[in-house]
Each structure stands twice: as C-alpha cells, then as structure tokens.
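Comments concern the structure below.
So that the names make sense, note that chain A is the first sequence line, chain B the second, and so on, each numbered from 1. Just so it is clear, the values below take in all heavy atoms, side chains as well, and ignore hydrogens, waters and symmetry mates.
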Amino acid sequence: MKEDINLVEQKKTDTTIKSVFNPLIALFGIVFLVSIGLIVYAFILSSTSETLADTANNIKAELGKSAKKQKYQIVTERLNSIKNVLETRSKVSQITSKIISNVPDEFSVDLINGSDREVLLSVSSTELSSFATYLESTLPKFAKNNSKVISKIEISDFAETKEGYTLSLVFKVINL
Amino acid sequence: MKNSELKLFVVKYKRYLIPLGIIVGTFLLVFMVILPQFATIVEKMKQIEDQRAEIALLNSSKNTLNSISEEELDSNLDTVAKALPLEKNVELIFSALSDAAAASDTNVQDFSVKVGGVYGLAIKPVGQAIGAPTIEVSAHISGADVRSVAGFASALEKALPLSETIKFDASSGVGSYIINFFFKAVDASQVANDFNIQPMSQAQKNTLKQLQDWQ
C-alpha cells in the first residue's frame, strides 16, 4: 500500500466541487437566459426602429412631392432674409428725410448730399433771424432727439449773398 | 503534449475542468454578449426616441401645410418674390424707380444698371453686405425742388423690390442717386432637405404685412 495516497483529502475536494457545481450551473443558466433576452429585445428594438424609419421616409417622400411645401419654405426663407435686409440696410434716405423735414418752411433747401458717413445740407433764407432760431433752438433739439444716428453737426459755411443768407451744415452720422 | 498525456491530464483533472469551463463560459457570455447588447439597446432606444421626435415633427409640418390655403400662399409668394427677387430683374427695378418717382412727384430722367459679370467662375454679385446680393443702379431724378428730389429716396425705401440708397446729391431740382437693389437666389437643396416646417412667427407675419402695405 502506498503511503502517499490520501483518499480522505480527495473525498473532501470532491465534496467541495459538487457543492459549487450546482450554483455554477444555475448562474450560467441565468446568464444564458439574460443573454437570450437581451438579444431578443435588441432585435425587437431594431425592428421598431426600421418601422419608424420607413414611416419617416414615407412622410418625407409625401412632403417632398408637395409643391405647397416648396412655396411655403421659399416664403418663410424670403421673409427672414427680407427682415434682415430691412433691419440692416443703409439708413441714408431715412436720416436725410428727417434732416429735410426738420428744416423750417421759411428756408429754401439749395443742396443736400447724403452718404453713409455724413449728410451735407445747404439752406438759404432772406431773414437773418430765421437762422438764429434754427441754429439755437431747432437744430439742437433735433440733434438731441436723433443722438443715436447723428454724432455731430458742424457749420461748414455761412455767407451773405445777393438773395439773402446761405448756411451749409455737415451732419456726421453714426452707423448709417 | 502527446495525446496519451492529454488524456491522462483530462482524466486526472476532470472534476475541475467542468466547473472551470462553466465559469469561463459565464464570463464569455457576460463580456461578449450581455455588455455589448446593453450598449446596442441603449443606442437603439436613443435612435427610436429621435425617430419618434422626427415623425412628430414631420406630422406637425404636414399639419402646418394643410392649414394654409393655396391662394394665400400664392399671394404671399408673389409679394416676397417681388420684394426680394430670385435674380437680377431690371424690369422690377425700373418699376420700383417709376413707383417711387410717382409717389414723390419727381421724374426718373435716366438710370443705368451695373449688372456685373455674365459668365465666369470668379463672377460675384456686386455687393453682399447684409446677407443678400445687390445690384447697383445709378439714377438721375428731377423734381420741382430739392425737397421733392430728396423725397424720392424716402419713397424708394417703401417700394418693391427692396433697395438701399447708398449716396445721393440733390441740388436745383436735380438729383443723382446710387442705389443698391437686393435679390437672392433660392438654395434648392436646402429647401428640398428641410422638413421642419413651422407656422409663421409673429416677426415673419409683421414683415409680410409691411410688404403688403408697400405693394
């Protein structure tokens, strides 16, 4: 009889393995079932996604054929561009219109030049007192009311002529 | 390892190999099936959510289109196409100049259009300062006095197609104007691929009303 053979130890090991075997099988079974479940669920989701994609494509195809869609999109796109144009286009005509409408009726407007930086205005009158009122009252009030567009008003020339008096003004303009 | 040695090894460690195989199999299932499937499922759920949102948007677009009458749409299209033509249109420019002259009691003596290039890769619109290309027009206007000639600019501002006066000189009842008229081509691919159709915003309605008033 060999003395190095230990049957008691081997039996103990076998018992341990048998006790672990069943839970291991159970764990494997659960993991296997979960795997199958997840694969089936992923398949269902893929199928749902394909159905939804088909639905979306059908609606797109229907909309794509619609002339109404194209017209409506052109209208809204144009309106956005037009709004942008209206907000940002040059204000030369608006500011010159304001400047002219502010000139009292007793003055004759001889010249007006408008650009995006300044507006030149030349007015004349036979009455000297009209200029005093215009320069001391009307113009400062106008500049105050339009301070967002007019940064400075300069007198470039004031002269006496045969017909009366001539005043030339330069309106420096902001963000025209 | 020889075949006989392998058999001996299997026999000797048989009782360990099966549980070990089960453990390895379980790990393989977890790492090669369960975890990747989780990632796929999360991705698919997000995709489905996005698709449902897209379908809702498409249905909303359909409803928006169905709520608009064909006549109203045609009328609006005419108005906006006149305000911002799809291309350089000298006829419309002449019409705007004539309307502005009539409204300000002045006359258009002459006008010239800087049309720009006819053909060539480098050809660009004359100006595109504010998102829409422009075509430059020089015009000479005559009127009773400087006030009426200057009034032409105000009248032109409310005429269609839309324009901006860049520079003008007026004296002795005659004025010379440099005007930019706006136009803009339609981006057909953008229109074709855009399915998000919303009802008109209040700002768009206000702009349309303003154009209709100027028409």
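- The shortest distance between side-chain heavy atoms of A:F43 and B:T40 does not fall below 4.5 Å.
- Interface check for chain A: of the options B:V30, B:D145, B:D194, the most heavy-atom pairs under 4.5 Å are formed by B:D194.
- Neither the backbone nor the side chain of B:D187 comes within less than 4.5 Å of any heavy atom in chain A.
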side-chain contact (heavy atoms from CB on, under 4.5 Å) evaluation trace for A:V149 with A:F171: CA-CA 10 Å; A:V149 283; A:F171 296 78; over 6 Å; no
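- Within a 6.0 Å radius of CZ in A:F158, more than 12 heavy atoms belonging to other residues, nucleotides or ligands are found.
- Heavy-atom pairs under 4.5 Å with chain A were tallied for B:K62, B:M45, B:E54; the largest tally goes to B:K62.
- Heavy-atom pairs under 4.5 Å with chain B peak, among A:A42, A:G37, A:S49, at A:S49.
- At least one side-chain heavy atom of B:R52 sits less than 4.5 Å from a side-chain heavy atom of A:T48.
- Interface residue B:T64: only side-chain heavy atoms are found under 4.5 Å from chain A.
- At a 4.5 Å heavy-atom cutoff, the contact between B:N76 and chain A is made by backbone and side-chain atoms alike.
- Here B:V80 is the residue among B:L208, B:V80, B:I166, B:N193 with the most heavy-atom pairs under 4.5 Å with chain A.
- Using a 4.5 Å cut-off between heavy atoms, A:S35 contacts chain B through both its backbone and its side chain.
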Side chain to side chain donor-acceptor pair (under 3.5 Å) between A:S124 and A:D110, intermediate numbers included: CA-CA 7 Å; A:S124 59; A:D110 300 329; 3.0 Å; yes
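- Residue B:P161: no heavy atom, backbone or side chain, is found under 4.5 Å from chain A.
- Most heavy-atom pairs under 4.5 Å with chain A: of the set B:L29, B:I178, B:V33, B:T165, this distinction falls to B:L29.
- Cation-pi geometry between B:K88 and B:F181 is not met at under 6.0 angstrom from the ring centre and within 45 degrees of the axis.
- When heavy atoms are compared at a cutoff of 4.5 Å, A:Q94 approaches chain B by way of both its backbone and its side chain.
- Remark: the B:N89 side chain and the B:E87 side chain contain no N/O donor-acceptor pair separated by less than 3.5 Å.
- Other residues, nucleotides and ligands place more than 12 heavy atoms under 6.0 Å from the CZ atom of A:F28.
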Working for side chain to side chain donor-acceptor pair (under 3.5 Å), residues A:T51 and A:D54: CA-CA 5 Å; A:T51 310; A:D54 284 346; 5.9 Å; no
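- For chain B, the nearby part of A:Q73 is the side chain; its heavy atoms alone come within less than 4.5 Å.
- Of the residues considered (A:I30, A:L120, A:T96, A:V20), A:T96 shows the highest number of contacts with chain B, using heavy-atom pairs under 4.5 Å.
- No other option in B:K167, B:E70, B:Q204 has as many heavy-atom pairs under 4.5 Å with chain A as B:Q204.
- At a 4.5 Å heavy-atom cutoff, the contact between B:A192 and chain A is made by backbone atoms alone.
- Screening B:Q202, B:K209, B:Q210 against B:N206 for a side-chain hydrogen bond (donor to acceptor under 3.5 Å, both in side chains) leaves a single residue, B:Q202.
- Side-chain N/O atoms of A:D116 and A:S90 include no donor and acceptor closer than 3.5 Å.
- Of the atoms belonging to B:Q47, it is side-chain heavy atoms, and not backbone ones, that fall under 4.5 Å from chain A.
- In this structure, chain A has a heavy atom under 4.5 Å from the backbone of B:N66, while its side chain stays farther away.
- Neither the backbone nor the side chain of A:E87 comes within contact range of chain B; no heavy atoms are under 4.5 Å apart.
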